[in-house]
Colleague: 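What follows is a structure written as structure tokens; I'll ask about it next.
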Number of protein chains: 2
Amino acid sequence: MSEKDHPQAHDHRHDHSQQAAKEKFLERLKEQGFKLTGKRQMIVDILLGEDRYISAKELLERMQEVFPRLSFDTVYRNLRLLQEEGIIEESTFGDGGSKYRITCGTHDHHHHHYICTVCGKTELVEGCPMDLLGITAPRGFQIESHRFEIFGQCEDCH
Amino acid sequence: MSEKDHPQAHDHRHDHSQQAAKEKFLERLKEQGFKLTGKRQMIVDILLGEDRYISAKELLERMQEVFPRLSFDTVYRNLRLLQEEGIIEESTFGDGGSKYRITCGTHDHHHHHYICTVCGKTELVEGCPMDLLGITAPRGFQIESHRFEIFGQCEDCH
DNA sequence: ATCAATGCAAACCTTTTGCACGCGT
DNA sequence: ACGCGTGCAAAAGGTTTGCATTGAT
């Protein structure tokens, strides 16, 4: 058996592995009885095409160029579904709303991000503080999850 | 017992240093021409009395026991002022709103928190990942800030 | 007597929901 | 044809703002 082609490399933009990831995502939806509508696919396409956190508002506006009658409710319903399926992840920053990005796609290993405060672009952080710090929780504290993000301006934005 | 006590049984107030911190905070406000109203002081008292993230709604409800006509706008206006003065800090979690806690008070050194997802209680994390990890930003990325929080359930909540 | 602080109401913004119709399978 | 997906409208939260009044200094 030959294995998959491109194993790694944090290549920017849509390469074959990302395309494959999309297929996998959509396949997963199909198996659960959900339908592959144009709007649903477009959300995945937009998020898959950019390593960025994007707001529901921006998604709506960009999608309205193709689907003029699209409204917020459909965007939010799809975002929620994609999130429940583990296809996208949500995060909140200080600006009063949520933003979304595709999950790492092909390799779903645990990771953290550098996040551009101007455009929302993300890049992977090497390592995780939970592994590398000698984290010792306070007596009785049961750790469930953590959040680690580094904010700043990316090369293109400053 | 020289200090005035809260009627509640579960206060985790540390000691005189926090009282001193409060005086310092209020002094700072006074110097800038702001007034020391009972409502303003009560917000500081509540937040200072507990190492917790508290929502505007919870603050409102607790303060309404003393100020029945108090409404959200006043709470928010005061929260914003206290935040601009660096007296409190705001953070958002997945629940659609902001929560607030007192800044570390006496010692304002950089820090991170364990945060109880049930009651919002916080405890200090030893060390900071930015110091202890070999953080090397991607080419051209200018780091401005970071966020590191460990979520779970505290001793009292599980 | 000032000028900030407050209460009230209404506006605003993001997100959610009920319902009837349209569309992917 | 079935049942999910969508558009529309309206509602639900959380937060902000304009304005007249109250209150701290």
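Proteins come first, then strands; the chains are lettered A, B, ... in the order of their sequence lines, and each starts at number 1. Because the structure is predicted, anything quoted here is derived from the model rather than measured.
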Colleague: In whole angstroms, how far is the C1' atom of C:dA5 from the CD1 atom of B:Ile43?
Modeller: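 Result: 12 Å.
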Colleague: With sequence neighbours left out, write down each residue that passes salt bridge (Lys or Arg N to Asp or Glu O under 4.0 Å) with A:Arg139, or none if nothing qualifies.
Modeller: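 Partners of A:Arg139 by the salt bridge (Lys or Arg N to Asp or Glu O under 4.0 Å) criterion, ordered by chain and then number, come out as B:Glu123.
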Colleague: Closest-nucleotide mapping onto DNA chain C: is A:Gly97 or B:Leu70 further toward the 5' terminus? I mean the 5' end.
Modeller: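 Per heavy-atom nearest nucleotide, the more 5' residue is B:Leu70.
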Colleague: Between C1' on C:dT17 and CG on A:Asn78, what's the gap in Å once rounded to a whole number?
Modeller: 16 Å
Colleague: Would you kindly give the NZ-to-C1' distance between B:Lys99 and D:dG14, to the nearest whole Å?
Modeller: 12 Å
Colleague: Could you tell me whether A:Ser55 contacts a base, only the sugar-phosphate backbone, or nothing, with contacts defined as non-hydrogen atoms closer than 4.0 Å?
Modeller: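 Touches nothing.
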Colleague: Return each pair, listed once, that meets salt bridge (Lys or Arg N to Asp or Glu O under 4.0 Å) where at least one residue sits in residues 31-41 of chain B; pairs must be two or more places apart or across chains.
Modeller: none
Colleague: If the cut-off is 4.0 Å, is B:Thr74 near the phosphate of C:dG7, judged by side-chain N/O to OP1 or OP2?
Modeller: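 Yes, within the criterion.
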Colleague: Take the protein atom CG of A:Asp95 and the nucleotide atom P of C:dC13, then report the distance between them rounded to whole Å.
Modeller: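 Result: 14 Å.
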Colleague: Which residue pairs pass the side chain to side chain donor-acceptor pair (under 3.5 Å) test when at least one of the two sits in residues 148-157 of chain A, sequence neighbours left out?
Modeller: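 Pairs touching residues 148-157 of chain A that pass the test: A:Ser91-A:Glu149, A:Glu149-B:Arg147, A:Gln153-B:Glu144.
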Colleague: Find the distance A:Lys39:NZ to D:dC4:C1' and express it as a whole number of Å.
Modeller: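 Going from A:Lys39 (NZ) to D:dC4 (C1'), I get 13 Å.
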Colleague: Write down the distance between CG (A:Leu29) and P (C:dG24), rounded to a whole number of angstrom.
Modeller: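 My rounded result for the distance is 15 Å.
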Colleague: Does A:Arg69 place a side-chain N or O at less than 4.0 Å from the phosphate oxygens OP1/OP2 of D:dT6?
Modeller: no
Colleague: Let me know the distance between CD of A:Gln41 and P of C:dG24, rounded to the nearest Å.
Modeller: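 Interatomic distance, CD of A:Gln41 to P of C:dG24: 11 Å.
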Colleague: B:Glu58: what forms a salt bridge (Lys or Arg N to Asp or Glu O under 4.0 Å) with it, not counting sequence neighbours?
Modeller: B:Arg52, B:Arg62
Colleague: Take the angle between the ring planes of A:Phe148 and B:Phe148 and call it parallel below 30°, perpendicular above 60°, tilted in between.
Modeller: perpendicular
Colleague: Indicate for each nucleotide in nucleotides 16-25 of chain D, in 5' to 3' sequence, whether protein heavy atoms under 4.0 Å reach the base (B), only the sugar-phosphate (S), or nothing (-).
Modeller: BBB----BBS
Colleague: Excluding sequence neighbours, so at least two apart, what forms side chain to side chain contact (heavy atoms under 4.5 Å, CB included) with A:Lys57?
Modeller: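 Per chain and number, A:Lys57 pairs via side chain to side chain contact (heavy atoms under 4.5 Å, CB included) with A:Ser55, A:Glu61, A:Phe72.
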Colleague: How long is the line joining CG of B:Leu79 and C1' of C:dT6, in whole Å?
Modeller: 15 Å
Colleague: Where is the tightest heavy-atom contact between B:Ser98 and B:Thr92, given as atom of each residue plus distance?
Modeller: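 Scanning both residues, the minimum pair turns out to be OG-CG2, 3.5 Å.
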